[in-house]
Each structure stands twice: as C-alpha cells, then as structure tokens.
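Note that this is a predicted model, so its numbers are computed, not measured. Every number for a ligand or one of its atoms is a count from 1 in the order of the listing.
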Amino acid sequence: MADKFDLTVIGSGPGGYVCAVRAAQMGMKVAVVEKWPTFGGTCLNIGCIPSKALLYASELYAEAEHKFDTLGIDIDGPRLNLPQMLAHKDQVVESNVSGIDYLFKKNKITSFRGTGSLAAAGKVLVTPEQGDTITIETDNIVLATGSVSANLPGIDVDEERVVTSTGALSLEQVPEHLLVVGAGVIGLELGSVWQRLGSKVTVVEYLDRILPGMDGEVAKQFQRMLTKQGFEFKLGAKVAGVEKGDEGLYVSVEPSKGGDAEQINCDVVLVAIGRTPMTEGLGLDLAGVEVDERGRIKTDSHFQTNVKGVYAIGDVIAGPMLAHKAEDEGVAVAEILAGQAGHVNYNVIPGVVYTNPEVASVGKTEEELKEAGVAYTVGKFPFTANGRAKAMLETQGFIKILADKSTDRVLGAHMVGHGVGEMIHEIAVLMEFGGSAEDLARTCHAHPTMSEAVREAALACGLGAIHI
Ligand code: FAD
Ligand code: NAI
C-alpha cells in the first residue's frame, strides 16, 4: 500500500500532467499513474510535438527548394537527410518528456508506472508490466487517459506500410505515393510533411469537403492551396479495402454514396479518420462510471463523473480533442478540488492546422451563426494587400472576422495564411474580454507585420479596411 494522496491522476498527457502540477501548486499531495515509459501522453510522445518538429523541418526543406531562388539565395538544391530529420524529432520529444519529469520532481508529485484502474471508492490499482499490483489510497481521482487512433474495419494497421499517425511520424523512407484516409487535421499535417519531402499524396475523404467543422470558405481556399502544392483530393469517397502486395498496396476506393470502386496503387496508407477515447482496462464498469454513446466518459459541468470523487478531462471526455483544451480542463479540475470556481470557456478554444499556409479558427463559424439565426457582419482582409506578406512571399490567404451585427462584439475569426496560428490569439484574448471589432480596429498594430491584416479585417467590419 502506498501513501494516501489528496489526488491521483491516471494519465500524464497535457490534461493529466497540467492538472497534477496545478493541484500540487495549490498544496495537494498528488500522485500520477502512467503506463508508458515516458510522461507527456500522446501530445509530447506521438502527437503535437513530434509532428510540429517534422512540419518545421519539412517546411524549411520545401522553402529551400521552391523559395530561396526568388529571394536571391542560390543553392544547389537541398539534399534530404531523413535519418537526421527523424533524429531531430526524437530529440525534441526527449527534451519535452524529460521536462515533465522535472516538473513532477519540482512539484513533489509521486509517479507510478503501470496501468491505472479504478478499484473501490478512493482506491486506484496500479498494475506494472512486471511486479506486484500496488493500491493507492486517494481522496479524488482524475481520469486523463486520452485517446487512440480510430481504425477502419477490416484494415490491418502494421505501422510500417499501413500506418496511423504514430507510424507516419517515423517512416524510414519517403513514400513514393502516400494515400491518406481522412482530410482532417492529421491527414493534412502529416500529408504535408511527406508531400514536401517528395511523396505524391492522395487524400481520400468521406465527406464532400476537407476539415469538417472549420469555416467552409477557409476550407475551400485551403484545399485549392494544397492542390497547388501537389495534393490530390478524392472527396465523397471511402476506402473499402487495402490489399498488401509485393509491389505495394492496392487500395480500393469507392464513392461514399455507393458506386464503382477504383484501385489505387501506393506504397503507404495513413489512416487518419479520427480518434477514440481510451478507457480500456480502466475499470469503469467495476466502478460504475458512465460513458456516452461514443465511449466518452460522461461528466457534469465540474468534470465529475456520476461517481463522487472521480473526475475526467481531456480527450477521454466530450469536446475538441486538443491539447490546450485538455490542459485548461486540468487546471479547472485542480481549482475545483481546491474549492475555487474552475471553469473552461468552450466558446474560445482556438484550433490551428500547422501546415503552410496555416489555418486558424476561434469562436463561431459563419455556418454556425447562420444556423443559430444570429445577424453578423463579416470583415475580411487578404494577405495580398499586406506589405510584410509581400516581402516574405507569403501572400496566400486571408483573415475573416465575424462580429455581432447589433453590438459589434466579435463572435469568431477564421484565417488561412502564413503564421496565422500565432495571430489567432489576439482574437481569443479579445473574445475573452467580450471585445468588439472596433476595439480591435482601434488597437495600434506594429508595422510591418502580418498581424496588421487582423486589424484591417476588424476595420472591414466597420467603415472599411484602409489598404484595400
Ligand atoms: P493523452 O495525451 O492521450 O494522454 C493520455 C495518457 O494516459 C497517455 O500517456 C497514456 O499512456 C495514459 N494512459 C491511458 N490509459 C492509462 C491507464 N489505464 N493507466 C495509466 N496510464 C494510462 N492537439 C493540439 O492541440 N495541437 C496539435 O498540434 C496536435 N497535434 C497532434 C498530432 C497528432 C499526430 C496527434 C495524434 C494528436 C495531436 N493533437 C494535437 C491532439 C492532442 O495530442 C490530444 O488532444 C492531447 O494529447 C490529449 O491530451 P490528454 O491528456 O487528454 O491525453
Ligand atoms: P479529424 O476528425 O480531424 O478528421 C478525420 C477525417 O476523416 C474527417 O474529415 C472525416 O470526415 C474523415 N473520415 C472519417 N471516416 C472516414 C472514412 N471511412 N473514409 C474517409 N474519410 C473518413 O481526425 P484526425 O485528423 O484523425 O485527428 C484526430 C484528432 O487529433 C482531431 O480531433 C484533432 O483535433 C487532433 N489533432 C489536432 C491537431 C492540431 O490541433 N493541429 C493536429 C493533429 C491532430
């Protein structure tokens, strides 16, 4: 039997580790149970961090190939050193996950290696790969076990030729032809990595659009940009089967609504059709914790499950599967346990696709406002009219701000363009303070910056932008 804890967190991803650190900072005695050899969850080990390392490196490679000459930098052409690029990614992961070890030590958090599961009330079992099961006594439990890649029925993922995002982060060779199933965030980000490094990339998407849930106009323009980069899209289509042959993979693709299948020959298939909550082995049944129809743990507005003292956060509950959403929920639960008013504002959770150009979004889309019958003004500004963008040869894309027609309060913003993943945050802060488009338009922005386009879009909600 281990010591008694105020809080035991199962899972050390961005939800779990942030919750543990904040709770410890507030004076609680905290334990974390993690089954993987390193802390940091999907995000640090096989998600956000390694994917961004490869996106950055491959973006520079593509720039050296396609942009340097116009800027007056003559080189003989970049040569890809894929083992070094992958080693860079692994070093970045190592540095980030060891950062969590440091945070746990600094905050006197006790960690247990093994699979955590709910036993009786106030008890967590830790089953290590080897050795005896440990019982932890604890006043409160936070389930932060995250999610895993969803599988296509009947398709055998081997993480070498038929891969999820995990395999796609470590391919030892650039595929000649990569077929991506799903035009969501993972498909487009990891598709971009391999397309920049030389793969032909075909994306098969069930719906008739890419990036479902994002602003339709942004998604349409973004699709055009990716097509120009060399992506091929097969929308309204699904993969019916993958046959593994000596000469490659034979993928059977058919219209979503039914019809004749076509065969596509490729060497790697990336399955990126979403993620499912990870609750296997957690002992939910035993403890009587309820899940919804999609297997997500049900919680109330204070993140408590139907079992008193058992909370859940992050990808394993409803809401966008994003690291920063999980982190914010982790902080909120720690605050609630400390008797404070922990809260997450789900209206202001930014979403970013880290391609080039990037896509960024916060708040309501036009589609959502129309459906809710809200009258709104649209302010738009293209990067073609931004001086800094011209200097950087990054004139693709635009900023769109949506403001309430009667109050001018900003309700959402949607962007596609170089570096918009950083620019979205001024809108997030504005929205947290209930600010108007005019507030933003009257805020002095440094010149010359790409962020001036944000101000111009805000001006376009009123009298009009200056530079167009
Ligand atoms: P996770 O990070 O999934 O962590 C869960 C942890 O719990 C894991 O360490 C797991 O081993 C552990 N665990 C599970 N069950 C048990 C158990 N029974 N006992 C002990 N331990 C257990 N989001 C973004 O916001 N930005 C991005 O750029 C981004 N990029 C991504 C790229 C990829 C390729 C992928 C796959 C995801 C990406 N995401 C991104 C999503 C992001 O990774 C997740 O939303 C986030 O990691 C969820 O955090 P979490 O704490 O809920 O769970
Ligand atoms: P997703 O939900 O973003 O996209 C999945 C896509 O696959 C959708 O367009 C869907 O219509 C399509 N699809 C589903 N079934 C299909 C089928 N049978 N055939 C063809 N298409 C099909 O999921 P994705 O890309 O796997 O990402 C999982 C999660 O990870 C997302 O929730 C995302 O938020 C998170 N993530 C976030 C990132 C970021 O914030 N930059 C980066 C990567 C992942």
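By the criterion of a heavy-atom distance under 4.0 Å, the side chain of Val181, and not its backbone, is placed next to ligand 2. With a 4.0 Å cut-off on non-hydrogen atoms, Lys325 does not touch ligand 1 at all. With a heavy-atom cut-off of 4.0 Å, Ile46 touches ligand 1 through its backbone alone. By the criterion of a heavy-atom distance under 4.0 Å, both the backbone and the side chain of Ile273 are placed next to ligand 2. When non-hydrogen atoms are compared, ligand 2 lies under 4.0 Å from the backbone of Val352 (N, CA, C, O) but not from its side chain. The backbone of Val204, and not its side chain, has at least one atom closer than 4.0 Å to an atom of ligand 2 (non-hydrogen atoms only; backbone = N, CA, C, O). Proximity of Ala323 to ligand 1, defined as any heavy-atom pair under 4.0 Å, is shared by backbone and side chain alike. Contacts between Phe39 and ligand 1, counted as non-hydrogen atom pairs separated by less than 4.0 Å, are absent for every part of the residue. If you look at Leu322 next to ligand 1, the close heavy atoms, those under 4.0 Å, come from the backbone and the side chain alike. If you look at Ser149 next to ligand 1, there are no close heavy atoms at all, none under 4.0 Å. Under 4.0 angstrom from ligand 1, the non-hydrogen atoms of Ser51 all belong to its side chain.
Contact annotation: the side chain of Ile313 approaches that of Val142 to within less than 4.5 Å [non-hydrogen atoms, C-beta and beyond]. Side-chain contact check for Val239 versus Leu179: some heavy-atom pair is nearer than 4.5 Å. Put simply, the side chain of Phe383 reaches to within 4.5 Å of the side chain of Ile399, judged on heavy atoms. In this structure, the side chains of Val92 and Pro50 stay at 4.5 Å or more apart for every pair of heavy atoms. Side chains of Glu335 and His343 form no contact here, defined as non-hydrogen atoms less than 4.5 Å apart. Using a 4.5 Å heavy-atom cutoff, the side chains of Asp315 and Lys325 are not in contact. Inter-residue side-chain proximity for Phe222 and Lys220 is flagged as unmet; no heavy-atom pair is nearer than 4.5 Å.
Not one N or O of Glu280 is nearer than 3.5 Å to an N or O of ligand 1, by distance alone. Inclusion of Leu152 in the set of residues having an N or O under 3.5 Å from an N or O of ligand 2 is not warranted. In terms of N/O distances under 3.5 Å, ligand 2 is approached by Val185. Between Tyr354 and ligand 2, no N or O atom pair is found at a separation short of 3.5 Å. The shortest N/O to N/O separation between Met321 and ligand 1 falls below 3.5 Å. Between Tyr206 and ligand 2, a contact under 3.5 Å exists for at least one N or O pair. Below 3.5 Å of separation, one finds an N or O of Glu189 facing an N or O of ligand 2.
Leu143 and Leu284 get closest at one heavy-atom pair: CD1-CD2, 3.9 Å. Between Val416 and Val420, the shortest heavy-atom contact is C-CG1, 4.0 Å. For Val157 against Asn151, the heavy-atom pair with the smallest separation is CG2-OD1, 3.4 Å. In terms of heavy-atom proximity, Gly283 sits nearest to Ser117 at N-CB, 4.3 Å.
For the residues Thr145, Thr115, Ile317, Thr127, the heavy atom positioned nearest atom 16 (C) of ligand 1 is part of Thr145. The closest non-hydrogen atom to atom 6 (C) of ligand 1, taken over Met278, Glu34, Arg275, comes from Glu34. The closest non-hydrogen atom to atom 23 (O) of ligand 2, taken over Gly274, Gly421, Gly182, Gly351, comes from Gly274. For atom 44 (C) of ligand 1, the candidate residues are Asp315, Val32, Thr42; the nearest heavy-atom contact is made by Asp315. The closest heavy-atom contact to atom 31 (C) of ligand 1, among the options Pro37, Gly146, Gly11, Cys48, comes from Cys48.
In summary, the side chains of Lys89 and Ser170 do present a donor paired with an acceptor at a separation below 3.5 Å, with no hydrogens or angles considered. In the model, Glu159 has no side-chain atom that pairs as donor or acceptor with a side-chain atom of Thr166 under 3.5 Å. Under the 3.5 Å distance criterion, with hydrogens and angles disregarded, a donor-acceptor pair is assigned to the side chains of Arg22 and Gln25. Counting only N and O atoms by type, the side chains of Tyr346 and Glu329 include a donor and acceptor under 3.5 Å apart. For Thr202 and His177, the side-chain atoms include at least one donor-acceptor pair closer than 3.5 Å.
A cation-pi arrangement is not found for Arg209 relative to Phe233, the charged atom failing to lie both closer than 6.0 Å to the ring centre and inside a 45° cone about the ring normal. In this structure, Lys29 is positioned above the aromatic face of Phe5, its NZ or CZ under 6.0 Å from the six-membered ring centre and within 45° of the axis.
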Would Phe39 and Tyr17 count as a ring pair (Phe, Tyr, Trp, His ring centres under 6.0 Å) if you check the C-alpha gap in whole Å, the side-chain angles of each, and the deciding distance to 0.1 Å? CA-CA 8 Å; Phe39 298 126; Tyr17 85 74; 9.2 Å; no
If you apply the rule salt bridge (Lys or Arg N to Asp or Glu O under 4.0 Å), what do you find for Glu254 with Lys234, and how did you get there? CA-CA 10 Å; Glu254 49 182 57; Lys234 292 195 175 289; over 6 Å; no
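For ligand 2 and Pro212, the ligand atoms under 4.0 Å from any heavy atom of the residue are 8 (C), 9 (O). Near Gly314, the atoms of ligand 1 lying under 4.0 angstrom from a non-hydrogen atom of the residue are 52 (O). With ligand atoms numbered from 1 in the order given, ligand 1 contributes 2 (O), 43 (O), 47 (O) to contacts under 4.0 Å with heavy atoms of Cys43. Heavy-atom proximity to Ser147, at under 4.0 Å, picks out these atoms of ligand 1: 3 (O). Listed by atom number, the atoms of ligand 2 under 4.0 Å from Leu322 heavy atoms are 34 (O), 37 (C), 40 (O). Close contacts of ligand 1 with Ala144, meaning ligand atoms under 4.0 Å from a residue heavy atom, involve 5 (C), 6 (C), 7 (O). When each atom of ligand 1 is checked for a heavy atom of Gly15 under 4.0 Å away, the hits are 51 (O). Interface of Leu207 with ligand 2, defined as ligand atoms under 4.0 Å from a residue heavy atom, comprises 11 (O). Ligand 2 places these atoms under 4.0 Å from at least one heavy atom of Arg275: 28 (C), 29 (C), 30 (O).
Of the protein's non-hydrogen atoms, the one nearest atom 25 (O) of ligand 2 is Ile186 N, 2.9 Å. Looking from atom 11 (O) of ligand 2 to the surrounding protein, the closest heavy atom is Glu205 OE2, 2.6 Å. In terms of protein heavy-atom proximity, atom 4 (O) of ligand 2 is nearest to Gly184 CA, 3.2 Å. In this structure, the protein non-hydrogen atom closest to atom 35 (C) of ligand 2 is Met321 O, 3.4 Å. With respect to atom 19 (N) of ligand 1, the closest heavy atom belonging to the protein is Gly116 N, 2.8 Å.
The closest approach between any non-hydrogen atom of Gly114 and ligand 1 is below 4.0 Å. Residue contact check for ligand 2: Ala272 places a non-hydrogen atom closer than 4.0 Å to it.
Between atom OH of residue Tyr56 and atom OG of residue Ser51 there is a gap of 15.5 Å, rounded to the nearest 0.5 Å.
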